[in-house]
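Just so you know, ligand 1 is whichever comes first in the structure, and atom 1 is the first atom listed for that ligand. Computed from a predicted model, the values in this text were never measured in an experiment.
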Amino acid sequence: MSIEPTPYQNATNQSISERDLRHVWHPCTQMKDHQWLPMIPIRSGKGVWLEDFDGNRYIDAVSSWWVNLFGHTHPYIASAVKNQLDTLEHVIFGGFTHEPVVKLSERLVKLAPKGLTRCFYADIGSAAVEVALKMSFHYWYNTGKRKKTRFITLGNSYHGETLGALAVGDVELYKETYQPLLMTPITAPSPDCYFREEGESWEAYSLRQCEAMEALMAKHHEEVCAVIVEPLIQCAGSMRMYHPAYLTRLRALCNHYGIHLIADEIAVGFGRTGTLFACEQAHITPDFMCLSKGLTGGFLPLAVVMTTDTVYDAFYDEYSTLKAFLHSHSYTGNPLACSAALATLDLFEQSPVLERNRELAAHMAKATEHFRDHPHVAEVRQTGMVLAIEMVKDKASRTAYPWQERRGLRVYQHALKHQALLRPLGSVVYFMPPYVISESEIDQLAQVAWDGVQLATLGG
Ligand SMILES: *Cc1c(COP(=O)(O)O)cnc(C)c1O
């Protein structure tokens, strides 16, 4: 008798996807599309490569929804998780603790912007956003500022799918239907530099957008708990980017008006923008920093909200004052996930990851230079290890393609036939690869993307 799990015998893409479509409901998907769009069952992953059940291989150019940092099944992270599996898989986190979470918290405090000394754990990014929103509100409540009940968010922002996180986001496609269920934030214009005037610098444009933010703060500061932002890149909002000067100014405005700053680094944290955390480029410490996605190297769900002693102290009192933060999730601080996170931080220490990323980022820029001259490319933009190519119907006026045409989907389909997983956001093709990608694999992606863009834009 074998105690090994049964392998998929004679499984093929077709057999697995047929079984899948009988019972599985996939995220962010119109399931009817799969009448004509094949589901891709992945059998295994190694480094930047994924392999399906028919033996086709794909470069994971989107790091499996931005979570993977050092490639799939990285042996070092895998062995850390395996060791932890035989020691302690999980334990209640109220009243109990364990070594991986203590170590992880110590290391995160050392790495994070100065002053973020307290770590509150959750399991997914959206939950971290909920925690930050509730904590900010509750801080003001505990300190007697009970009129503060609202949040300021940026146009085109994204903070997750749970109701609170969805409410402070601004991507219409995900939000519109649920509007009746959502609290109403105050929305400030995005510093997104796609809309800068011709000849205007990123910095000048982003700073100009601070004026509207300041006006909203001046008007609403008494009722506002916090401003929530995605530092430097609005990832789900089509990989739109802005200058760090915006964040520096925003920090000053928050201080002036007595408003918290929540930095949602769930997608941009852990080196994506060129620094370990995007906030470093603005030399700021937010009041709350949300981390998830890359935190475990893409192995397991884990999220953390880091905050200051000032916030922590406002909750610290006799039980009977009822000031405690009574929020919890079943899998909070899961030891397996923490062990993956510790191994991920080891990998950052063991080699000059950020330096290597600078070379890779420069190579991505070079490999995609020619897209700028494409008749249907409005912009090629880049921040660190994120590079985006925006396809438009009319280049001169930057008229977007009607969303119904699903131009990006054509790039996706083309890429799958040519060994690449590119998953455009609307008409924006982007690369956000694991950091172990090679120069030649970047060249391969650039070629596939070029042919895909040609196919998607030329000939109607
Ligand atoms: C992905 C994402 C979230 C939500 O994280 P989930 O783990 O998907 O819930 C929140 N904020 C940002 C900026 C994200 O990119």
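The salt bridge (charged side-chain N to carboxylate O under 4.0 Å, His left out) contacts involving residues 149-178 comprise Arg150-Glu223, where partners must be two or more places apart or lie in separate chains.
For the pair Lys145 and Trp140, the cation-pi criterion (under 6.0 Å, within 45° of the ring axis) is not fulfilled.
Ring centroids of Tyr257 and His220 are separated by 6.0 Å or more, keeping the two rings apart. Within the 6.0 Å centre-distance limit, the rings of Tyr158 and Tyr174 are counted as a close aromatic pair. Ring pair Tyr331/Phe93: centre-to-centre distance not below 6.0 Å.
The closest donor-acceptor contact from the side chain of Ser190 to the backbone of Asp192 lies under 3.5 Å.
Contact shell of ligand 1 (protein heavy atoms, cutoff 4.0 Å): Trp66, Ile124, Gly125, Ser126, Tyr158, His159, Gly160, Glu230, Asp264, Ile266, Ala267, Lys293.
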